Amino acid sequence: MDQGLISNPKDLERMSHELESLERRISDLEDQELEVMERLEEAQGTLTALTERIAAADTRLTDLVAARDEKAADIDRQLTDLAAERGPAADGLPGELLALYDKLRANKGGVGAAMLRARECGGCRLTLDNAEIAVIKAAPPEQVIRCEECQRILVRTAESGL
């Protein structure tokens with residue numbers, strides 16, 4: 001066209017329109033390419049941020065697992081120590097009392113005996129009424145007293161309010 005090789009005016013006009021159309025199409029495609037590149041950049045930024053968050057969460061998880069394992073090991077050591085202490089302490093107790101305690105402990109979530117403190121059962125946290133307190137006061141110290149609500153063995157101390 002620029003060299004003047006096409007002499008037909010209609011062909012020239014069609015080619016001119018075709019060039020304008022192609023230039024518009026190129027411009028539109030370049031705009032779309034820029035938009036896609038911007039979206040890609042945003043997506044890469046989001047990916048980077050999420051990757052950093054995942055890495056931080058993984059680090060936190062590792063720390064928490066280590067802390068949990070350490071605490072579990074500490075609890076296991078404490079249980080072993082308490083079991084070793086329980087043996088000599090339980091040797092002088094009657095077999096029926098130990099059997100009752102073990103049965104209650106199994107049924108009551110690990111707590112077979114509870115302290116009676118300020119007229120309140122340490123197991124169920126209910127305050128005992130005056131009639132129950134009177135019965136407990138009258139009972140000899142070696143008698144096993146149980147809470148009427150939770151059935152745990154009540155341990156009487158100076159804090160019992162008797």
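We're numbering straight along the sequence, starting at 1. This one's a predicted model, so the numbers in the text were calculated from it and none came from an experiment.
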* Structure fact -> Taken in chain and number order and not counting sequence neighbours, the residues that satisfy side-chain contact (heavy atoms from CB on, under 4.5 Å) with N130 are R119
Quick one: side chains of residues 60-73, donor-acceptor pairs under 3.5 Å with protein atoms, not counting sequence neighbours, listed by atom name and distance.
{"unit_1": "T62", "atom_1": "OG1", "unit_2": "D58", "atom_2": "O", "d": "2.8"}

* R152 side chain to C147 main-chain N or O, any donor-acceptor pair under 3.5 Å? -> no
* CE/M115 to CD/E120 distance, rounded to the nearest 0.5 angstrom? -> 11.5 Å
* Asked: Charged N to carboxylate O under 4.0 angstrom, D28 versus R25?
  -> no
* To do: Show which residues join L50 in its hydrophobic cluster (side-chain heavy-atom contacts under 4.5 Å, direct or indirect), or state none.
  => none
* Run through the side-chain heavy atoms of Ile, Leu, Val, Met, Phe, Trp and Tyr, join any pair under 4.5 Å, and report what else lands in L47's cluster. => none
* To do: Rounded to the nearest 0.5 Å, what's the gap from OG1 on T127 to CD1 on I133? Could you check?
  => 9.0 Å
* Structure fact -> Residues joined to I75 in its hydrophobic cluster, side chain to side chain under 4.5 Å directly or through other members, sorted by chain and number, are L79
* To do: Without swapping roles, check the side chain of R117 against the backbone of E159 for a donor-acceptor pair under 3.5 Å.
  => no
* Spacing of M37 atom CE and E33 atom CD [to the nearest 0.5 Å] -> 6.0 Å
N/O donor to acceptor pairs below 3.5 angstrom from side-chain atoms of residues 92-103, sequence neighbours left out:
{"unit_1": "D102", "atom_1": "OD1", "unit_2": "R86", "atom_2": "NH2", "d": "2.8"}

